[in-house]
> 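For reference, the structure I am asking about is given below.
Residue indices begin at 1 and follow the sequence shown. What you see is a predicted model; the values in this text were computed from it and never measured.
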Amino acid sequence: MHAYAIKDFLCEVGLRVCQHVRQSFLVQSMEERSAVHSETNDDTIYQIDRDVEAVILPLVEEKARDLGGVVLIAEGLEENGARVLPRGIKESRAAYRIIMDPIDGTRGIMYDKRSAFFLAGAAPNQGGSATLQDITIAVMVELPTSRSHLSDTLWAIQGQGAHRLTRDLQSGRV
């Protein structure tokens, strides 16, 4: 699959996470967003983190076959933090590894104090030997507080530079 198609897909997932977080400001209290869902030795997973999984997983599942299979790596997924999609495909057959932090900066955004960021990177699947240095496509989408109506999206594709756009979340205008 073409790098721009993967970039567009990751930007779309980030935008959907952004929209979901903004909606949570309208329908959930701060206490609901900040409730502890689970704790591990490495991190605390809050309800706001858990809620965006319901947005992300269907989108990735829907697109995984078109991408040639995906190993999605993110906190809270399976025991080892990874899920292979579409279901039934072997990890070694997946074309890409996508590393995702759906809400980087959870504490600031769940209290509506400062922006957080959706972060995602895609690398060709090289099995367990893949590292962050193997990422060829990276996307960052701002998750602004309720007081802002603008969100920046930044992306880079290896060998093609970095780019950005600003989206008005009320009108949808870029």
Side-chain angles (χ1 to χ4, degrees), residues 1-24 37-38 40-106 109 115-143 151-165 167 174:
M1 177 161 264
H2 196 270
Y4 282 98
I6 296 167
K7 182 273 298 181
D8 290 345
F9 167 67
L10 293 176
C11 286
E12 176 63 24
V13 174
L15 177 59
R16 292 290 210 41
V17 168
C18 179
Q19 292 167 337
H20 181 84
V21 168
R22 289 185 60 79
Q23 183 65 21
S24 76
H37 180 272
S38 61
T40 68
N41 291 336
D42 299 326
D43 204 3
T44 301
I45 307 299
Y46 295 95
Q47 192 60 45
I48 193 171
D49 295 311
R50 188 62 162 174
D51 290 346
V52 298
E53 286 178 21
V55 173
I56 293 166
L57 287 175
L59 291 170
V60 177
E61 285 185 74
E62 179 182 313
K63 193 72 169 175
R65 189 169 308 285
D66 292 343
L67 294 174
V70 168
V71 179
L72 178 62
I73 301 166
E75 287 179 336
L77 296 179
E78 312 300 327
E79 268 187 42
N80 63 356
R83 183 172 293 180
V84 181
L85 298 166
R87 295 187 189 280
I89 191 173
K90 292 182 188 266
E91 184 172 341
S92 62
R93 307 281 293 179
Y96 293 96
R97 289 180 105 63
I98 295 177
I99 300 169
M100 190 178 291
D101 186 349
I103 303 179
D104 183 50
T106 300
I109 196 69
S115 291
F117 297 90
F118 166 87
L119 305 173
N125 183 21
Q126 301 171 23
S129 67
T131 69
L132 293 176
Q133 291 180 350
D134 297 313
I135 289 175
T136 58
I137 303 156
V139 168
M140 181 174 93
V141 178
E142 181 181 13
L143 311 175
S151 172
D152 289 326
T153 298
L154 297 90
W155 68 90
I157 298 172
Q158 187 174 35
Q160 298 182 32
H163 307 275
R164 68 171 278 283
L165 63 81
R167 182 181 316 275
V174 172

> What are the two closest heavy atoms between L85 and E61, and how far apart are they?
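Scanning both residues completely, I find the closest heavy atoms to be CD2-CG, 3.6 Å.
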> Looking only at atom types and distance, does a side-chain atom of D49 sit under 3.5 Å from a main-chain N or O of Y46, one as donor and one as acceptor?
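The answer is yes, because a donor-acceptor pair under 3.5 Å joins these two groups.
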> Working note: I98 + V60, criterion side chain to side chain contact (heavy atoms under 4.5 Å, CB included); need CA distance, chi angles, decisive distance, verdict.
CA-CA 10 Å; I98 295 177; V60 177; 5.5 Å; no
> Using a 4.5 Å cut-off on heavy atoms from C-beta on, say whether the side chain of V139 contacts that of K7.
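Sidechains of V139 and K7: in contact.
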> Taking all non-hydrogen atoms of both residues into account, name the closest pair between G68 and I89 and its distance.
O-CD1, 4.1 Å
> Under the side chain to side chain contact (heavy atoms under 4.5 Å, CB included) rule, what do L143 and V17 come out as? Steps first, then yes or no, please.
CA-CA 8 Å; L143 311 175; V17 168; 4.1 Å; yes
> Using every non-hydrogen atom in the two residues, find where A64 and P86 come nearest and quote the distance to one decimal.
CB-N, 3.6 Å
> What's the spacing between M100 CE and I56 CD1 if we round to 0.5 Å?
5.5 Å
> Please report the shortest heavy-atom distance between I137 and L10, naming the atom on each side.
CG2-CD1, 4.5 Å
> Take L72 and L57, measure what side chain to side chain contact (heavy atoms under 4.5 Å, CB included) needs, and give me the verdict at the end.
CA-CA 9 Å; L72 178 62; L57 287 175; 3.9 Å; yes
> Among all residues two or more places apart in sequence or in another chain, which pass the side chain to side chain donor-acceptor pair (under 3.5 Å) test with Q160?
Y4
> CG of D152 to CZ of F117: how many Å apart, nearest 0.5 Å?
8.0 Å
> Within a radius of less than 6.0 Å around CD of E62, do more than 12 heavy atoms belonging to other residues, nucleotides or ligands occur?
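Count not over threshold, so no.
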> Hey, could you give me the NE2/CG distance between H2 and D8, rounded to the nearest 0.5 Å?
10.0 Å
> Starting at CD of Q126, measure out to CG of D134 and round the result to the nearest 0.5 Å.
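Nearest 0.5 Å value for the CD-CG distance: 4.5 Å.
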> Taking all non-hydrogen atoms of both residues into account, name the closest pair between V141 and C11 and its distance.
CG2-O, 4.3 Å
> For the residue pair I109 and S115, what are the closest heavy atoms and their distance?
CD1-CA, 4.3 Å
> Roughly how far apart are I6 CD1 and D66 CG, rounded to 0.5 Å?
11.0 Å
> What verdict does the side chain to side chain contact (heavy atoms under 4.5 Å, CB included) test give for L165 and W155, after you've listed the backbone C-alpha separation in whole Å, the side-chain angles of each residue and the deciding distance to 0.1 Å?
CA-CA 9 Å; L165 63 81; W155 68 90; 3.8 Å; yes
> Between the side chains of R97 and E91, is the shortest nitrogen-to-carboxylate-oxygen separation below 4.0 Å, so that they form an ion pair?
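Yes, E91 and R97 are salt-bridged.
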> Please check this pair: side chain of N125 against backbone of A94, looking for a donor-acceptor N/O pair closer than 3.5 Å.
yes
> For the CZ atom of F118 and the CG atom of D104, what is their distance to the nearest 0.5 Å?
11.5 Å
> Is the backbone of E142 close enough, under 3.5 Å, to the side chain of S151 for a donor and an acceptor to pair up by distance?
yes
> Got T106 and I48 here, is their nearest side-chain heavy-atom distance under 4.5 Å?
yes
